[in-house]
Engineer: 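My structure is below; once you've seen it, I'll send some questions.
In listed order, ligands and their atoms are each counted from 1.
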Amino acid sequence: MSADVIIPASLLPRDGRFGSGPSKVRQAQVDAVAAGGRSLLGTSHRKPPVKALVGSVREGLAEFFRIPDGYEVILGNGGSTAFWDAATFSLVRERAAHGVFGEFGAKFAASTAGAPFLASSLVTEVPAGQVCLPDVAPTADVFAWPHNETSTGAAAPVRRIGDPGSLVVIDGTSAAGGLDVDISQTDVYYFAPQKNFGADGGLWLAVLSPAAIERIELLAASGRWIPPFLSLKLALDNSRANQTLNTPAVASLILLANQIEWLNAHGGLAWATNRTSQSASHLYGWAQANPAATPFVENPSWRSNVVGTIDIDESIDAVQITKILRSNGVVDIDPYRKLGRNQLRVAMFPSVDPSDVALLTQAIDFVIERVAG
Ligand SMILES: *Cc1c(COP(=O)(O)O)cnc(C)c1O
């Protein structure tokens, strides 16, 4: 049985976690949770110790993203999925325009399209593996697209489009922390901590421009009914006090704070993007040299440095490869379920050591040789 294939230890990554979210958590993060045990876990999120922790997350992210004057970092509960609905209520004045090139971009577009108080959303869409920005329509006041489409492994440019007065709202969920970004080109750059930041799911974070803050204030005062849990005005007010509207997962905040500290101590965004680009050159270089593997994203400039998707020749069952790897401790390199391709998907977030990506490719080669026979 090929499920019994034993991969030699010399070909195995030292850490076998390559999932695109939840993603690898470094041991130092786990240790920080244990160390923070007495003073943070089990204590009130309205009191100084946890508020200082939230403050360190907000300040650490401001430093990491080199945010321009007037920009603010806010946070709330519910993850990026909750943020889509919050944005629908608190950022879109009349109409949103979306660039859709995969599952995550499509989900946000579906959220605004379903809102009875908004004009019908405009959607620019291209097939999986490509990227597109929304068409610039003068009636749209929010332009939204993902920086990195986790379901396909394609990364899009992030730059201002649309009239002044409209907002550029970027889903940075799997990009933030691992792909370069000029925050001044965005009004809202939002993400969740279970990808590049190696924490647990359940939170969302967003970097807001002064124009985005103004829009939030305007819609909060407009008389539109906004469910409190999805009000970015309430999130903003709470965040400014280093709190969240309702109780956050304190352990996840500790994981996140530790990762931000680690990234900033090593050189911040420049260091992180250098690391993910090293990993990506191992992965794509291997795929291009291997006749059984092909990068799914054809255009090299769209290939993501944080989530790599590699198609496997139809004569070899990729599911079989992932099963064997899993039994050898290498996990979560399955493709996005709805993409339905014979594919491997590898997360290369900063926590993943580039040398482990190189070892992973050797392990895959070993398995391919065994199952292709
Ligand atoms: C993971 C992911 C999401 C969903 O994040 P949740 O926190 O699980 O809601 C949204 N967008 C992108 C691009 C993602 O990678």
Engineer: Before accepting this row, confirm whether a basic side-chain N of the pair Arg345/Asp332 lies closer than 4.0 Å to the acidic partner's carboxylate O.
Structural biologist: no
Engineer: Partners of Ala32 by side chain to side chain contact (heavy atoms under 4.5 Å, CB included), sequence neighbours excluded?
Structural biologist: Ile254, Asn258
Engineer: Centres of the Phe197 and Phe191 rings: under 6.0 Å?
Structural biologist: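 Ring-ring flag for Phe197/Phe191: true, centres closer than 6.0 Å.
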Engineer: Measure from the ring center of Trp204 to the ring center of Trp84 and say whether it is less than 6.0 Å.
Structural biologist: no
Engineer: We want to know whether Thr112 and Ser121 form a side-chain donor-acceptor pair, criterion being a heavy-atom distance below 3.5 angstrom.
Structural biologist: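 Yes, because at least one side-chain N or O of Thr112 sits under 3.5 Å from a partner of the opposite role on Ser121.
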Engineer: When the aromatic ring centroids of Trp286 and His282 are compared, is their separation below 6.0 Å?
Structural biologist: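 No, too far apart.
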Engineer: Anything with a heavy atom under 4.0 Å from ligand 1 counts, so go ahead and list those protein residues by chain and number.
Structural biologist: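 If the criterion is a heavy atom under 4.0 Å, then ligand 1 touches Gly79, Ser80, Thr81, Trp84, Phe104, Asn148, Thr150, Asp171, Thr173, Ser174, Ala192, Gln194, Lys195.
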